Protein chains: 2
Amino acid sequence: MEVTRRKSPVSTPGPQEPRRSLTLRDVSEASGVSEMTVSRVLRNRGDVSASTRARVLEAAKHLGYVPNKIAGALASQRVNLVAVIIPSLSNLVFPEVLGGISEELDDTGLQPVVGVTNYSPEREETVLYEMLSWRPSGVIIAGLEHTPAARAMLQNAGIPIVEIMDVDGEAVDAVVGISHHRAGAEMARRIAAAGYRRIGFLGTKMPDDHRARKRLEGFEAGLAEAGIALADREFYSGGSALLKGREMTQAILTRSPDLDFLYYSNDMIGAGGLLYCLDKGIDVPGRLGLAGFNGVELLDGLPRRLATMDACRREIGQRAAAIIAGRSTTGLVGGARIELTPVLQPGDTIRPA
Amino acid sequence: MEVTRRKSPVSTPGPQEPRRSLTLRDVSEASGVSEMTVSRVLRNRGDVSASTRARVLEAAKHLGYVPNKIAGALASQRVNLVAVIIPSLSNLVFPEVLGGISEELDDTGLQPVVGVTNYSPEREETVLYEMLSWRPSGVIIAGLEHTPAARAMLQNAGIPIVEIMDVDGEAVDAVVGISHHRAGAEMARRIAAAGYRRIGFLGTKMPDDHRARKRLEGFEAGLAEAGIALADREFYSGGSALLKGREMTQAILTRSPDLDFLYYSNDMIGAGGLLYCLDKGIDVPGRLGLAGFNGVELLDGLPRRLATMDACRREIGQRAAAIIAGRSTTGLVGGARIELTPVLQPGDTIRPA
DNA sequence: TCCGTGCATGATTGCGCTAACATCATGCCG
DNA sequence: CGGCATGATGTTAGCGCAATCATGCACGGA
């Protein structure tokens, strides 16, 4: 690895040396009109004659002027940012939610800004504080569980707040998501109906993944309806989810060889489990059934389709963004509650009921 | 301690009725000191007596005051944001780079802000313009290829710029990455040395994925050294990468059944190809060798380890962030060029040389 | 001819905060 | 006991822009 140095940071390909960054004044002097007119041209607001407009645009372009949104935002009391606070980017799920948000926001003039909490409530609080200090037009935040301080900040912010992913709980303002409790219960019923009886759960250990927790609770409740109790469980944290899925599956099957179904808290470890079972020649879904959660695209490429439930990730993003966009234009207030319905996709790893 | 009440616009400071958002003045009135002192306390700057500090903090907390960074940034001409511009979030690679950046920035007071271009140069230009208008302390941007306007903006911005991922080309300022050309060539040499001769390439169609393009160019150059020409190629775009890997592998093997090696432009499609080959009972690596690129964690869970090259993703993020952090504190200027060296991991899908 | 009308542009003010300097006690030294 | 660091606070002046209102000017109908 080599390191070389250049002499100057700015060798201008454009016009002059921008020692101090350019302001409206520079453009106004270059084009011979007032700052106000330049401002109007650059924002396409108010009446400006075509000739003036052209002259100003030419000058701005020639100088390489980039507006200062900080000053603009302060003066206009308007910021076109939407804070999006999510636990992780490596989860596949959240980039998809983000995709939905971006798409929906694309032609509203609003722009998402992402903050990541790593599933830590304290970090969430910090990130929220940081983002609110930029006075965004709205907040989209994953989950309904927040520290008291975070909750207070959300309530006091005076902007639209949309909590996403999860509807099982008390929302600050609007909420868009699915019921993870119900999702777990539905899967449990399906499994019970298919005749499986010795059922194991494999999932994340993280105490702050409330949605996984709720799925498990719903799952156990669903099993209970059929008089079934969870036979065994196995938890993990960190590492490659696919590999963990393999290892955990091996571990739980070694410990409880009589299990006839494994419910995974997400598709990634479920996929690992599926690969493990195929490796070992285990009869799936005859001898052993499998199911995950999320409906990730990755599953399409596996040798067999893992049973799962679509978490409506993209749509959640879109709906949440639409709420922010709608409210920030209409100025209307009031928290919608949108519960989406995930669909169980039985795939090839649950035997027919 | 007694609480003195004074005539204040905010009679009920609790988490209710945030009519007009709070300012330093509100805190200053509530705590009986000047705005300046409040500002000092909240920024931990300058000398403030312990008692005053406590009083101010109490007042700020009680009111639920959140500083306005817009005003602060305008006044101080300092913004603690670092713009990070990447092509995609669904690629796995970039979240990892982001992880490296966040980690490195974590205790510098700087904060990354992410913009996504979807591999579109025009979108990159737009995103860059938007981000620069917030006057960040630095820019980390993927790739060396930009529109002329984007390049000009970067050069004129007067802040540290770090181009990442790729070092094959002309940098604006600093650059941290690997040589994809070299990476492709190295893999080609290894494949040739192992005795493979009928070699196919499978990759993305996107014309703006310059790094994939450079890997292919390097790969062909490496093969040429051994007198080998690429026997066939197959391109894709969109969809589930794992599934695409399967489909493409089937397609290319149907068309050119005599191929004895497949080089994939990324691990995801490579993994799909591997699964396909295992399904079909193809002898890997005897009859057919396989290799991908990136060294993604996912590979650890596959039935067999795909040959790949680690792209140093996390380290790239860290080094880039360190450059920004270092320069923004020291004020030093000058573009470093850091070339990392990816390591070929032969896994189980190339036969020994 | 006049004044109104509408368009194009300019002047003023302040958004909320911080840099820089000013002020005013203390206390401690010789 | 004088003088001057030193600490603790307050005062002033913008940062770059946009809201708002003021101004100038051409045109057209009465």
Side-chain angles (χ1 to χ4, degrees), chain A residues 18-57 59-60 63 65-80 109 130 132-137 157-158, chain B residues 9-10 18-57 59-60 63-80 109 130 132-137 158:
Chain A
R19 189 73 274 131
R20 176 197 89 267
S21 101
L22 299 166
T23 74
L24 274 188
R25 163 168 243 110
D26 296 299
V27 182
S28 106
E29 286 174 353
S31 54
V33 298
S34 71
E35 297 177 36
M36 201 53 232
T37 299
V38 175
S39 173
R40 287 192 182 102
V41 169
L42 296 178
R43 288 178 300 142
N44 281 311
R45 200 142 308 177
D47 302 304
V48 180
S49 70
S51 66
T52 304
R53 165 177 307 268
R55 200 144 36 91
V56 169
L57 286 176
L63 293 173
Y65 174 73
V66 177
N68 185 332
K69 289 214 180 186
I70 295 177
L74 186 62
S76 67
Q77 302 284 291
R78 268 185 278 101
V79 179
N80 70 333
E130 284 282 316
L132 286 182
S133 75
W134 288 103
R135 300 288 187 270
S137 297
Chain B
V10 185
R19 198 66 273 135
R20 172 196 92 270
S21 105
L22 297 167
T23 74
L24 273 189
R25 163 168 243 111
D26 296 300
V27 181
S28 103
E29 287 176 354
S31 55
V33 299
S34 71
E35 297 178 36
M36 198 57 228
T37 299
V38 176
S39 172
R40 287 191 182 102
V41 169
L42 295 178
R43 288 180 298 145
N44 281 310
R45 202 145 301 179
D47 303 301
V48 180
S49 71
S51 66
T52 304
R53 164 176 308 268
R55 203 147 33 92
V56 168
L57 286 176
L63 292 174
Y65 174 72
V66 176
N68 185 330
K69 287 213 181 186
I70 295 176
L74 185 62
S76 67
Q77 304 283 290
R78 268 185 279 100
V79 178
N80 70 334
E130 283 284 314
L132 286 181
S133 73
W134 287 102
R135 299 290 188 267
S137 295

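In this text the structure is predicted, and so the values were computed from the model without any measurement.
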Is the phosphate of [N] approached by [X] (side-chain N or O, under 4.0 Å from OP1 or OP2)?
| X | N | answer |
| --- | --- | --- |
| B/Arg78 | C/dC17 | no |
| A/Thr37 | C/dA8 | no |
| A/Ser39 | D/dC17 | no |
| A/Ser76 | C/dC15 | no |
| B/Arg43 | C/dT18 | yes |

Which whole-number value in Å describes the distance from [X] [atom1] to [N] [atom2]?
| X | N | atom1 | atom2 | answer |
| --- | --- | --- | --- | --- |
| B/Leu24 | D/dT11 | CG | P | 15 Å |
| A/Glu35 | D/dC15 | CD | P | 11 Å |
| B/Trp134 | D/dC17 | CH2 | C1' | 12 Å |

Just to be sure I understand the rule, does A/Asn68 reach a base, reach only the sugar-phosphate, or reach nothing, if contact means heavy atoms closer than 4.0 Å?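 Sugar-phosphate contact only.
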What's the closest nucleotide to the side chain of A/Met36 if the choices are C/dT9, D/dA18, D/dC17?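 Of C/dT9, D/dA18, D/dC17, D/dA18 is nearest to the side chain of A/Met36.
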Looking only at heavy atoms, which two atoms of [X] and [Y] are closest? And how far apart?
| X | Y | answer |
| --- | --- | --- |
| A/Ala30 | A/Leu63 | CB-CD1, 3.9 Å |
| B/Val79 | B/Ala73 | CG2-CB, 3.8 Å |
| A/Leu24 | A/Ser39 | CD1-CB, 3.8 Å |

DNA chain D: 5'-proximal contact among B/Ser34 and A/Ala75 (nearest heavy atom):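 Its nearest nucleotide lies further toward 5', so the answer is B/Ser34.
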Residue whose closest nucleotide on DNA chain D lies nearer the 5' end, B/Leu74 versus B/Val33: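 Between the two, 5'-proximity favours B/Val33.
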Please evaluate the base of C/dG10 for a donor-acceptor partner in the side chain of A/Arg40 within a cut-off of under 3.5 Å?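 Such a pair exists between side chain and base.
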A/Ser133 side chain to B/Val66 backbone, donor-acceptor under 3.5 Å: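 Side chain of A/Ser133 to backbone of B/Val66: no pair is present.
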Given that A/Gln77 and A/Ser49 both sit by DNA chain C, which one's nearest nucleotide is further toward the 5' end?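 Looking at the nearest nucleotide for each, A/Ser49 comes out on the 5' side.
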